[in-house]
Amino acid sequence: MPSKDMEIQSHYNLIQKELVQVRQVICEQFQSSDDQISSVLEVLSQQQGKMIRPAMVLLCSKLFGGIRQEHIEFSAMVELIHMASLLHDDVIDKAQLRRGQPSANALWGNTAAVLLGDFLLSRAFMLAAASECEGAATLLGQTAQVLCIGELKQNLFKGRFDLNEQDYFQMIEAKTAALFRCSCQLGAMASNAPKDQQEVSGQFGYYLGLAFQIADDLRDVLSSEKQEGKTLGTDLLQEKFTLPVIHWINQNSDQSQTSSEHEEALKDPGRLIERMRQSGSIDYALEQAKLQIERAKQSLSLLPANPSKAALLGFADNVIMDIV
Ligand code: FPP
Ligand code: MG
């Protein structure tokens with residue numbers, strides 16, 4: 001197991017037993033009465049990820065009480081939505097590798113991958129429809145919609161050299177922070193926490209999600225596929241400009257560089273990374289991630305100290321561990 005994953009696991013100590021139950025519920029959702037479909041789903045179900053969002057539901061629920069079956073099911077729902085979104089995302093990004101294995105689109109083609117994503121999404125909403133927790137299904141539905149908006153924005157922003165940081169933050173807020181917020185809020189909601197505490201919990205998730213995506217975007221330019229187990233470099237290849245690139249373009253615009261000069265620079269990613277390092281753009285993005293982590297931790301500052309809070313704070317610090 002890569003050291004980053006081991007570090008993540010150490011924050012899961014409090015919820016090990018419950019995460020096993022979440023995996024069981026998820027596996028149940030990968031069943032189909034059709035044998036052919038079942039065998040494909042079986043392959044997919046072996047590729048479960050780091051379970052970060054379920055862990056957020058569980059730890060945030062533990063902030064305000066014990067974990068019940070409802071929390072386990074909410075955890076499964078957010079992970080199913082996440083998995084569905086990644087199936088679609090890998091088609092969009094033309095990624096061939098996910099979680100160290102060939103992506104679904106690489107194995108079965110784009111059409112099957114999109115439909116499998118739809119299948120998982122439907123299963124998540126079937127579970128949500130059966131929940132008696134008021135407002136939960138609506139929150140999940142709204143969140144899935146926001147994810148789509150984020151991804152649509154990203155698509156609209158492709159190749160736009162005039163993109164600014166506000167555009168970037170609005171996009172990652174939708175495509176990533178929204179599901180983190182939802183996970184943390186659902187945990188608190190299902191524990192019957194007062195509304196303002198649900199909000200606090202959601203706020204923690206929101207900032208954590210922003211930090212998480214900035215870090216993910218940094219890894220896309222800096223890390224190796226072997227280390228991450230997924231296709232990297234797609235952001236630059238597809239002219240999806242993330243924070244360090246936006247910072248670098250904006251810095252260099254002052255020196256009256258034209259779009260075509262920027263375009264030229266993108267053709268040599270190795271050199272571009274070097275230039276982004278020299279201009280401080282990599283450090284800038286890292287600082288932004290750290291700022292979001294501090295905001296996330298600050299959100300929980302008024303809650304009493306307890307083991308779940310300590311695990312959440314530790315998890316937040318871990319988001320950029322392998323980049324610094
Ligand atoms: C990963 O981004 C992708 C997301 C965070 C969201 C993807 C959302 C959609 C495709 C919209 C469809 C939504 C649903 C609910 C089905 P990334 O490419 O930056 O991360 P990666 O490096 O892990 O690929
Ligand atoms: Mg991707």
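This one's a predicted model, so the numbers in the text were calculated from it and none came from an experiment. The figures here come from the full heavy-atom set of this structure, side chains too, leaving out hydrogens, waters and symmetry mates. For reference, positions follow the sequence shown, starting with 1. First listed ligand is number 1; within each ligand, the first listed atom is number 1.
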Would you check whether C148 reaches within less than 4.0 Å of ligand 1, judged by its heavy atoms?
-> yes
Between the side chain of S279 and the main-chain N/O of W248, is any donor-acceptor distance below 3.5 Å?
-> no
How about the Mg ion (ligand 2), which protein N, O or S atoms come within less than 2.8 Å?
-> D89 OD2, D93 OD2
What about F180 and L86, same hydrophobic cluster or not, with Ile/Leu/Val/Met/Phe/Trp/Tyr joined at side-chain heavy-atom distances under 4.5 Å?
-> no
Closest protein heavy atom to atom 16 (C) of ligand 1, given as residue, atom name and distance to 0.1 Å = H88 ND1, 3.5 Å
For atom 5 (C) of ligand 1, closest protein heavy-atom neighbour | K175 O, 3.2 Å
Report the nearest protein non-hydrogen atom to atom 9 (C) of ligand 1: residue, atom name, distance rounded to 0.1 Å.
-> E151 CG, 3.6 Å
Work out whether the distance between some heavy atom of R98 and some atom of ligand 1 is less than 4.0 Å.
-> yes
Tell me, with the steps shown, if Q69 and E73 meet side chain to side chain donor-acceptor pair (under 3.5 Å).
-> CA-CA 6 Å; Q69 183 58 22; E73 283 168 13; 3.1 Å; yes
From L63 atom CG to S201 atom OG, the distance as rounded to the nearest 0.5 Å = 6.0 Å
Using a 4.0 Å heavy-atom cut-off, say whether D220 meets ligand 1 through its side chain, its backbone, both or neither.
-> neither
Rounding to 0.5 Å, atoms NE2 (H88) and CG (L120) come to a distance of 8.5 Å
With atom 14 (C) of ligand 1 as the reference point, say which of G209, A124, S85 has the nearest heavy atom.
-> S85
Starting from the C-alpha separation in whole Å, work towards a yes-or-no answer on ring-ring contact (aromatic ring centres under 6.0 Å, His included) for F161 and F241.
-> CA-CA 8 Å; F161 287 91; F241 302 141; 5.0 Å; yes
Could you walk me through whether R271 and E274 pass salt bridge (Lys or Arg N to Asp or Glu O under 4.0 Å), step by step?
-> CA-CA 5 Å; R271 172 97 184 92; E274 210 32 62; over 6 Å; no
Charged tip of R53 within 45° of F212 ring normal and under 6.0 Å | yes
For ligand 1, which part of D235 has a heavy atom less than 4.0 Å away: the side chain, the backbone, both, or neither?
-> neither
Is there a salt bridge (Lys or Arg N to Asp or Glu O under 4.0 Å) between R181 and E199 once you walk through the steps?
-> CA-CA 9 Å; R181 181 199 279 269; E199 193 49 45; 3.5 Å; yes
So is Q213 in contact with ligand 1, going by heavy-atom distances below 4.0 Å?
-> yes
Take D89 and K175, measure what salt bridge (Lys or Arg N to Asp or Glu O under 4.0 Å) needs, and give me the verdict at the end.
-> CA-CA 10 Å; D89 180 69; K175 80 169 208 178; 5.4 Å; no
Under 3.5 Å between some N or O of ligand 1 and some N or O of T176?
-> no
hydrophobic_cluster_shared for Y207 and L218, side chain cutoff 4.5 Å | yes
Would you mind checking which non-hydrogen protein atom is closest to atom 20 (O) of ligand 1, with the distance to 0.1 Å?
-> D216 OD2, 3.3 Å
Checking heavy atoms under 4.0 Å, the part of M83 that sits near ligand 1 is neither
Pairs where residues 25-36 contributes a residue and the test salt bridge (charged side-chain N to carboxylate O under 4.0 Å, His left out) is met, not counting sequence neighbours | none
